[in-house]
Amino acid sequence: MIAYQAPLKDLKFVLYDLLHYEQHYQNLSKSSALTRDDMDAIMVEAAKFSQQVIAPLNRVGDEQGCQWHPDGVTTPDGFKEAYQQYVANGWPLLAVPEAYGGQGLPESLSMVVSEMISAACVSWSGYPGLTHGAINTLMKHGTKWQQQTLLPKLVSGQWTGTMCLTEPHCGSDLGQLRTKAVANSNGTYNITGTKTFISCGEHDVAENIVHIVLARIKDAPSGTAGLSLFAIPKILPSQTGELGQRNQVKCGSIEHKMGVHGFVTCEMNFDQAQGYLIGEPNKGLACMFTFMNFARITTAMQGVIHAEIAYQGALPYAKERLSMRSLSGTKNPTGPADPIIVHPDVRRMLMTIKAIAEGSRSLVYFASQHLDIAEYSENTKAKEGAEQLLSLITPICKGFLTELGVEAANLGLQVLGGHGYIRESGMEQNVRDSRISTIYEGTTGIQALDLLGRKVLGSRTKLLQPLLKSLFDYARSLQRHQSMCWCVAPLTEALQIWQSCTATVAESAVGDADEVGAAAHDYLMISGYAMLAYLWARMASVAEQKMADGCQDESFYRAKIHTAQFYFKRILPRIYTHNAALKSGASVLMGLDADDLQLNS
């Protein structure tokens with residue numbers, strides 16, 4: 001089994017050396033007193049909690065799974081106790097404003113804690129994870145009574161939250177939702193309908209669950225324009241916020257999934273359940289995006305953690321496993337064979353996993369930094385710029401990084417060969433657990449359409465142009481540094497491809513809207529590989545400077561430079577294939593009539 005170790009060295013490199021989080025926090029009004037010592041202390045404690053309390057639950061959760069009973073759901077052994085310890089230690093309070101009982105620290109610092117906890121046991125991390133989105137939604141859109149009554153228990157962790165969007169018949173097409181809301185004379189609503197794939201919809205880790213639910217008020221417009229948002233507690237609170245009577249909310253069944261067995265996913269039945277309207281009628285989807293956009297960044301983190309787990313499982317094995325002799329001559333003359341890490345193909349897999357894990361981490365914390373600016377900056381221009389950038393890169397983070405996380409998980413298993421395929425290694429669990437990340441919170445295809453259709457073409461490229469300009473400017477700045485000249489041309493060309501394929505799709509889509517859908521996935525991947533190229537160039541530049549300054553841990557920075565060069569030579573060239581596929585157009589996808597696509601039986 002993989003013994004998870006928090007990657008504190010790389011986290012500190014990304015936060016301090018690459019993204020200058022110390023200065024970043026000093027520039028935020030909410031965290032001007034936050035020092036590096038404070039950050040280090042939080043990370044060390046989060047690492048201990050993750051390694052000692054959460055990591056041992058990973059195998060237990062996978063083997064036991066969750067159990068459905070007519071009166072509820074029980075989680076695997078130790079999950080409830082770990083959650084109680086999580087709450088007792090104050091972890092839920094970290095990034096909640098002080099006005100609501102939290103510690104008022106930046107969202108990005110909470111993301112650091114989230115990475116470690118999720119990597120230790122991704123199934124367990126889901127129970128507190130969604131609650132934060134429910135808190136944000138109520139803080140921004142809830143009534144004063146909702147905030148006073150529901151938020152204190154959610155903030156403390158006594159209660160958890162869910163996001164109830166989809167239904168059995170509609171998947172991601174939320175315009176088809178049938179759940180109904182009928183107004184009561186006291187201002188509440190009775191909600192009736194069935195929601196499916198509801199993460200943590202029922203469990204035993206907390207005393208109450210607040211469901212954030214999309215439903216349609218009587219006579220509302222059809223489609224997404226007629227959706228409203230409601231808070232529906234499992235147990236109704238009294239006027240003082242204490243637990244009252246059980247609401248008409250029940251878990252009808254739980255899904256039997258490929259992975260994340262310890263993370264319960266439910267079919268939830270609302271039978272005239274009492275709920276409270278959040279925000280304005282028929283404006284529910286806009287309110288829900290407060291929840292969804294945060295969830296998409298946290299899901300992007302799953303791409304990071306599955307790559308990290310793959311690396312932590314594969315690297316020690318590759319150094320210890322003896323098999324065959326090196327093609328270039330014996331490397332272990334006293335043993336019966338050489339360690340497999342000397343074989344080029346094994347090194348290809350290890351370097352790919354490392355490049356994905358570290359590159360993805362840099363992109364998530366780059367996005368998290370802008371989450372902070374959008375939320376807390378007192379500079380209006382900086383705030384607007386951060387909001388626009390996040391709008392653009394959120395689908396890249398969620399769609400692209402989770403795809404890479406699945407790739408890395410599969411490569412990690414492959415390094416171990418047959419031993420990776422059996423359960424004892426933990427590598428096959430990582431593959432199974434990783435697979436859902438590309439599906440929930442919007443599939444990769446949905447993220448790609450959001451990026452290309454809504455964000456890029458929908459803004460007439462106004463969202464994209466500032467980002468591309470800053471990346472081109474950075475590429476040009478590298479020409480002044482002889483040691484970094486190796487990446488200037490490929491980075492510039494990747495950005496030019498991103499720019500040119502945007503124009504290609506914009507032109508072709510005028511005559512056929514299917515051209516957008518046909519190009520979207522390749523466009524997403526091109527965007528992601530270009531963004532990682534920019535960040536790997538920055539990481540290499542920082543490492544070069546550290547080496548020049550006489551750093552102590554020279555091997556770490558040397559490896560960082562080499563991994564950047566590997567990314568540019570071995571992974572970035574994938575962008576050419578995606579560009580060629582994008583330019584092939586919609587006809588090669590849509591040329592056959594649906595009736596011509598048949599089973600070969």
Side-chain angles (χ1 to χ4, degrees), residues 15 21-35 38-39 41-43 45-46 86-115 117 125 127-163 206 208 210 212 229 231 233 237 241 276 278-279 286-298 301 365 367-380 382-384 386-387 390 394:
L15 298 179
Y21 262 55
E22 288 179 273
Q23 185 60 48
H24 163 65
Y25 287 153
Q26 298 304 313
N27 293 336
L28 297 176
S29 59
K30 290 287 184 180
S31 54
S32 58
L34 190 62
T35 67
D38 297 329
M39 296 163 64
I42 290 170
M43 285 193 281
E45 290 305 312
Y86 174 83
V87 170
N89 290 348
W91 290 114
L93 307 174
L94 200 67
V96 179
E98 292 175 293
Y100 296 101
Q103 296 178 19
L105 297 177
E107 199 71 72
S108 58
L109 192 55
S110 177
M111 200 72 73
V112 177
V113 177
S114 176
E115 176 187 340
I117 289 175
S125 70
Y127 293 93
L130 283 171
T131 304
H132 200 59
I135 291 169
N136 286 345
T137 303
L138 288 167
M139 283 195 306
K140 292 188 177 182
H141 306 291
T143 65
K144 185 175 182 180
W145 181 86
Q146 290 166 6
Q147 292 171 350
Q148 290 176 340
T149 307
L150 304 179
L151 276 178
K153 299 294 178 68
L154 288 168
V155 167
S156 70
Q158 281 182 264
W159 298 356
T160 62
T162 74
M163 176 170 61
N208 200 11
V210 178
I212 307 298
L229 193 62
Y276 315 106
I278 300 174
C287 296
M288 181 59 90
F289 267 107
T290 300
F291 202 140
M292 291 167 63
N293 284 334
F294 173 79
R296 286 175 177 176
I297 295 293
T298 58
M301 181 65 82
Y365 289 114
S368 299
Q369 193 172 48
H370 288 84
L371 274 174
D372 292 341
I373 297 170
E375 183 68 25
Y376 297 123
S377 179
E378 295 178 343
N379 183 316
T380 302
K383 191 180 186 77
E384 291 176 354
E387 289 172 347
L390 280 170
T394 293

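Sequence positions, counted from 1, serve as the residue numbers for this chain. What you see below is based on every heavy atom in this structure, not just the backbone, and it leaves out hydrogens, waters and symmetry mates.
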Can you check whether I297 reaches M111 side chain to side chain, under 4.5 Å on heavy atoms? yes
Is the backbone N or O of M39 less than 3.5 Å from a side-chain atom of Y25, with the two atoms forming a donor-acceptor pair by type? no
Can you tell me how far CD of Q23 sits from CG of L28, rounded to the nearest 0.5 angstrom? 10.0 Å
Provide the closest heavy-atom pair for Y21 versus Y365 in the form atom of the first, atom of the second, distance. OH-O, 2.7 Å
Check whether any side-chain heavy atom of M43 sits under 4.5 Å from a side-chain heavy atom of L15, and report yes or no. yes
Shortest non-hydrogen pair, I278 vs C287, comes out as O-SG, 4.2 Å
After noting the C-alpha distance and the side-chain angles of L34 and L109, does the key distance pass the side chain to side chain contact (heavy atoms under 4.5 Å, CB included) rule? CA-CA 11 Å; L34 190 62; L109 192 55; 4.0 Å; yes
Does the Q147 side chain pair with the main chain of L138, one donor and one acceptor, at a distance under 3.5 Å? yes
Can you check side chain to side chain contact (heavy atoms under 4.5 Å, CB included) on I42 and W91, steps first, answer last? CA-CA 10 Å; I42 290 170; W91 290 114; 4.1 Å; yes
Between L390 and A367 the two heavy atoms that sit nearest each other are CD2-O, 3.4 Å
For P128, is there any backbone N or O sitting under 3.5 Å from a side-chain donor or acceptor partner on T160? no
If we only count heavy atoms from C-beta on, is the Y127 to Y86 side-chain gap below 4.5 Å? no
Rounded to the nearest 0.5 Å, the CE atom of M163 sits from the CD1 atom of I212 at a distance of 10.5 Å
For L229 and H141: C-alpha separation, side-chain torsions, deciding distance, then whether side chain to side chain contact (heavy atoms under 4.5 Å, CB included) applies. CA-CA 10 Å; L229 193 62; H141 306 291; 5.9 Å; no
I need the minimum non-hydrogen distance between L150 and P233, along with the two atoms involved. CD2-CG, 4.3 Å
Quick one: does I135's side chain get under 4.5 Å of P92's, heavy atoms only? no
Looking only at heavy atoms, what is the nearest atom pair of Q158 and A206, with distance? O-CB, 3.3 Å
If you look at every heavy atom in K383 and E375, which pair is closest and at what distance? NZ-O, 3.3 Å
Flag, side chain of S114 to backbone of S110, donor-acceptor distance under 3.5 Å: no
Rounded to the nearest 0.5 Å, what's the gap from NE2 on H370 to CD on E387? Could you check? 11.5 Å
So OG of S368 and CE of M301: to nearest 0.5 Å the spacing works out to 6.0 Å
Start with the C-alpha gap between Q146 and V210, add the side-chain angles, then the distance that decides, and say whether side chain to side chain contact (heavy atoms under 4.5 Å, CB included) holds. CA-CA 11 Å; Q146 290 166 6; V210 178; over 6 Å; no
Exactly one candidate in L154, L94, V96, T298 meets side chain to side chain contact (heavy atoms under 4.5 Å, CB included) with H132; the answer is V96
d(T394 OG1, R296 CZ) to nearest 0.5 Å is 8.5 Å
Could you tell me whether a side-chain N or O of D38 sits under 3.5 Å from a main-chain N or O of T35, the two making a donor and an acceptor? yes
Distance (rounded to the nearest 0.5 Å) between Y100 OH and L93 CG: 15.0 Å
